[in-house]
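For clarity, every value in this text was computed on a predicted model and none was experimentally measured.
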Amino acid sequence: MKLSTKVSALLLVSSMAFSTSSNAQEEIGKLIAGSPEDATALTKAYLNPFFKGVGLGLNSGWTNTGSVKQLGKFEFRAGVTGAIIPGKDKSFDVSTLGLKRLRPADPNKVMAPTIAGEEMQGPTMIVLNENGQPLKNGTQNVTINLPQGINPTQSAIPAPQLQASIGLVKGFEATVRYLPPIAPPDFGEFSMIGGGIKFQPLRFASKKVNKLVPFDLAVALGWSQFKYSYDLEVKDRFGNAPDDQRIEAKFSGINAEAILSKKFLLFVPFVAVGYQTSTTDAGIKGTYEYASGYTGTSTAGVVSYSTVKDPVSINEKYINNFKASAGLTVNLLLFRVYGSYTLGAYNYVNLGLGLGFGK
């Protein structure tokens, strides 16, 4: 299997929340169908663990050692992070979202699964008019069911990393993350860019001190960005879907950490502390139909429909916290195997394989 194919496979996994299955299309459509006024709030709540998981993945896997490469020495690395989703982020309470045009049909059933939740239908919601009265279709209230979870058997959101590092002068090491736009059949288009720098602060104090201390200490800074777009097909009541429907998402992450490590033969254990942020800029673009009103009395009527353009827009910082990590590198000739566990907004595991030349 070619390297590009392996990388594509990892990215497909990380983009699972925007699955091409008809089921996922229907779930996304439900976030819009009831009320464009409430679509953004529902989308934020439903996709919250996905946004956090991808953001954490962007900030992980930059380095696993306090040493830096010598001038001209380099390494290629591929890794994957699994952000472990806590139980509290597998569901949300619709009554806390401040919805304007939707209300639970049963006041006792207000808990809805997030995308990482159980594969069970969300609560039934009554669609309201601008005056807060239920829309009627005949004598029946117009209702929608909120989306079900689509990650019932997995407890983690995966996210990939692909990078190359090279040693620079005076104890500096540079890292580049890059993936050109890739568009696998029926899975949208995605790309990634990023860059980082690592250095040993003790070298600035004294080269002698840096050599005498019984461990390696480095500071690392990194920025990366992942872009994703996917064409949707959310049908109206006649079975038609405008061709401008799509998802667009951009995830940007910044990571800063201090790493301390010690080499024992082939093994290099390490600990690290740091700070990370991640911002999601995402939207559901295009034209969509929704039930906007009805004609008739308060007990019976005929539903009228309208369309809305670009109903969902999200620009929010989902990760903004300290973190602490511990892990191990195993050096096997030209290959390096990495593993670490991090405590943060979500706890996560990072695994990687590197191919390097020189220390």
Here the gap from Phe50 atom CZ to Ile157 atom CD1, rounded to the nearest 0.5 Å, amounts to 7.0 Å

- Could you tell me whether Phe74 and Phe76 have their ring centroids closer than 6.0 angstrom? yes

Residues pairing under side chain to side chain donor-acceptor pair (under 3.5 Å) where one sits in residues 268-283, two or more places apart or in two chains, turn out to be Tyr275-Asn320

Notebook entry, point to check: Any side-chain donor-acceptor pair under 3.5 Å between Thr329 and Thr65?
Noted result: no

Correct closest heavy-atom pair for Tyr348 and Ser60 would be CE1-CB, 3.5 Å

Correct closest heavy-atom pair for Gly117 and Pro113 would be CA-CB, 4.2 Å

OG1 of Thr40 to CG of Asn315, rounded to nearest 0.5 Å, is 11.5 Å

Check your understanding: Mind checking whether Leu99 and Tyr290 sit in one hydrophobic cluster, side chains of I, L, V, M, F, W, Y counted as touching below 4.5 Å?
Key -> yes

Are Phe172 and Phe204 near enough that their ring centres are under 6.0 Å apart? yes

Closest heavy-atom pair, Ser67 versus Ser261, reported as atoms and distance to 0.1 Å, is N-OG, 4.1 Å

Below 30° counts as parallel, above 60° as perpendicular, anything between as tilted: where do the rings of Phe51 and Phe251 land? tilted

Item checked: Gln121 side-chain N/O to Pro147 backbone N/O, donor-acceptor pair under 3.5 Å -> no

Taken to the nearest 0.5 Å, the spacing of Tyr228 OH from Ser191 OG works out to 12.0 Å

Check: Any chain of hydrophobic side-chain contacts (each under 4.5 Å) joining Leu58 to Ile259?
Finding: no

In this structure, OG of Ser224 is separated from CD of Gln161 (nearest 0.5 Å) by 8.5 Å

Taken in chain and number order and not counting sequence neighbours, the residues that satisfy salt bridge (Lys or Arg N to Asp or Glu O under 4.0 Å) with Lys44 are Glu316

**Study point:** Full working for side chain to side chain contact (heavy atoms under 4.5 Å, CB included) between Phe270 and Ser340
**Key:** CA-CA 9 Å; Phe270 81 96; Ser340 64; 3.7 Å; yes

What one should report as the nearest heavy-atom pair of Pro311 and Gly286 is CD-O, 4.0 Å

Which of Asn64, Thr342, Asn350 passes side-chain hydrogen bond (donor to acceptor under 3.5 Å, both in side chains) with Ser325? Answer is Thr342

Residues passing the salt bridge (Lys or Arg N to Asp or Glu O under 4.0 Å) test with Lys227, sequence neighbours excluded, are none

Tested for side-chain contact (heavy atoms from CB on, under 4.5 Å) against Val142, the lone hit among Val303, Leu128, Asn129, Ile126 is Val303

Applied to residues 238-253, the side chain to side chain donor-acceptor pair (under 3.5 Å) test, sequence neighbours excluded, yields Gln225-Ser252, Asp244-Thr287, Asp244-Lys309, Arg246-Glu248

Those residues at least two apart in sequence (or on a different chain) that pass side chain to side chain donor-acceptor pair (under 3.5 Å) with Thr43 are none

*Could you check if a side-chain atom of Phe190 sits within less than 4.5 angstrom of a side-chain atom of Met192, using non-hydrogen atoms only?*
no

Checking side chain to side chain contact (heavy atoms under 4.5 Å, CB included) for the pair Leu42/Val312: CA distance, chi angles, key distance, verdict?
CA-CA 9 Å; Leu42 287 170; Val312 174; over 6 Å; no

* Cluster question for you: counting only ILVMFWY and a side-chain heavy-atom cut-off of under 4.5 Å, with indirect links fine, are Leu217 and Val213 together? -> yes

Side chains of Val127 and Ile144: closer than 4.5 Å at any heavy-atom pair?
yes

Is a side-chain donor or acceptor of Tyr46 paired with a backbone partner of Gln148 at a separation under 3.5 angstrom?
-> yes

Would you indicate whether the side-chain heavy atoms of Val94 and Met125 approach each other to under 4.5 Å? yes

inquiry  = Quick check on Tyr305: does its OH atom have over 12 non-hydrogen neighbours (other residues, nucleotides or ligands) under 6.0 Å away?
reply    = yes

Q.
Let's go through Lys52 and Asp89 carefully: what are the C-alpha distance in whole Å and the side-chain angles of both, what is the deciding distance for salt bridge (charged side-chain N to carboxylate O under 4.0 Å, His left out) to 0.1 Å, and is it a yes or a no?
A. CA-CA 10 Å; Lys52 287 182 179 179; Asp89 280 356; 3.3 Å; yes

Looking only at heavy atoms, the pair that brings Ala116 and Pro49 closest together is CB-CG, 3.9 Å

Check your understanding: Is there side-chain contact between Tyr288 and Thr307, with at least one heavy-atom pair below 4.5 Å?
Key -> no

Looking at side-chain heavy atoms only, is the closest gap between Thr81 and Val349 below 4.5 Å?
no

task: Could you check if a side-chain atom of Ile247 sits within less than 4.5 angstrom of a side-chain atom of Leu232, using non-hydrogen atoms only?
output: yes

With sequence neighbours left out, the residues meeting salt bridge (Lys or Arg N to Asp or Glu O under 4.0 Å) with Glu37 are Arg101

Ile319 and Ala345 have their tightest heavy-atom pair at CD1-CB, 3.8 Å

Would you tell me whether Lys323 and Asn59 have side-chain atoms, one donor and one acceptor, within less than 3.5 Å of each other? no

Distance-only polar pair, side chains of Asn48 and Thr114, donor-acceptor under 3.5 Å: no

Check: Counting only heavy atoms not in Leu265, do more than 12 sit closer than 6.0 Å to its CG atom?
Finding: no

(Q) Taking atom CE as the centre, does Met120 end up with more than 12 heavy-atom neighbours from other residues, nucleotides or ligands that are less than 6.0 angstrom away? (A) no

### Message
Under a 3.5 Å threshold, yes or no: a donor from one side chain and an acceptor from the other, between Thr143 and Asn141?
### Response
no

Note to self: Do Ile284 and Asp310 make a side-chain contact, defined as non-hydrogen atoms from C-beta onward lying under 4.5 Å apart?
What the structure shows: no

- Query: Do Arg336 and Glu75 touch side chain to side chain, with heavy atoms closer than 4.5 Å?
  - Reply: yes

query: Just by distance, do the side chain of Asp236 and the backbone of Gly239 share a donor-acceptor pair under 3.5 Å?
result: yes

OG1 (Thr175) and NZ (Lys198) are apart, to the nearest 0.5 Å, by 7.0 Å

Starting from Trp62, can I reach Val68 by hopping between I/L/V/M/F/W/Y residues whose side chains sit under 4.5 Å apart? no

Worksheet entry | Tyr230 with Ile182, same ILVMFWY side-chain cluster at under 4.5 Å | yes

Take Ser165 and Gln163, measure what side chain to side chain contact (heavy atoms under 4.5 Å, CB included) needs, and give me the verdict at the end.
CA-CA 7 Å; Ser165 300; Gln163 64 188 49; 4.2 Å; yes

Quick one: does Asp93's side chain have a donor or acceptor within less than 3.5 Å of a partner on Ser95's backbone?
yes

Output for pair (Leu221 CG, Thr63 OG1), nearest 0.5 Å, gives 11.5 Å

Charged N-O contact under 4.0 Å between Lys90 and Glu118 = no

Whether Tyr346 side chain and Leu343 backbone form a donor-acceptor pair below 3.5 Å:
no

Begin from the C-alpha positions of Val219 and Glu257 and carry the test side chain to side chain contact (heavy atoms under 4.5 Å, CB included) through to its verdict. CA-CA 6 Å; Val219 173; Glu257 61 186 328; over 6 Å; no

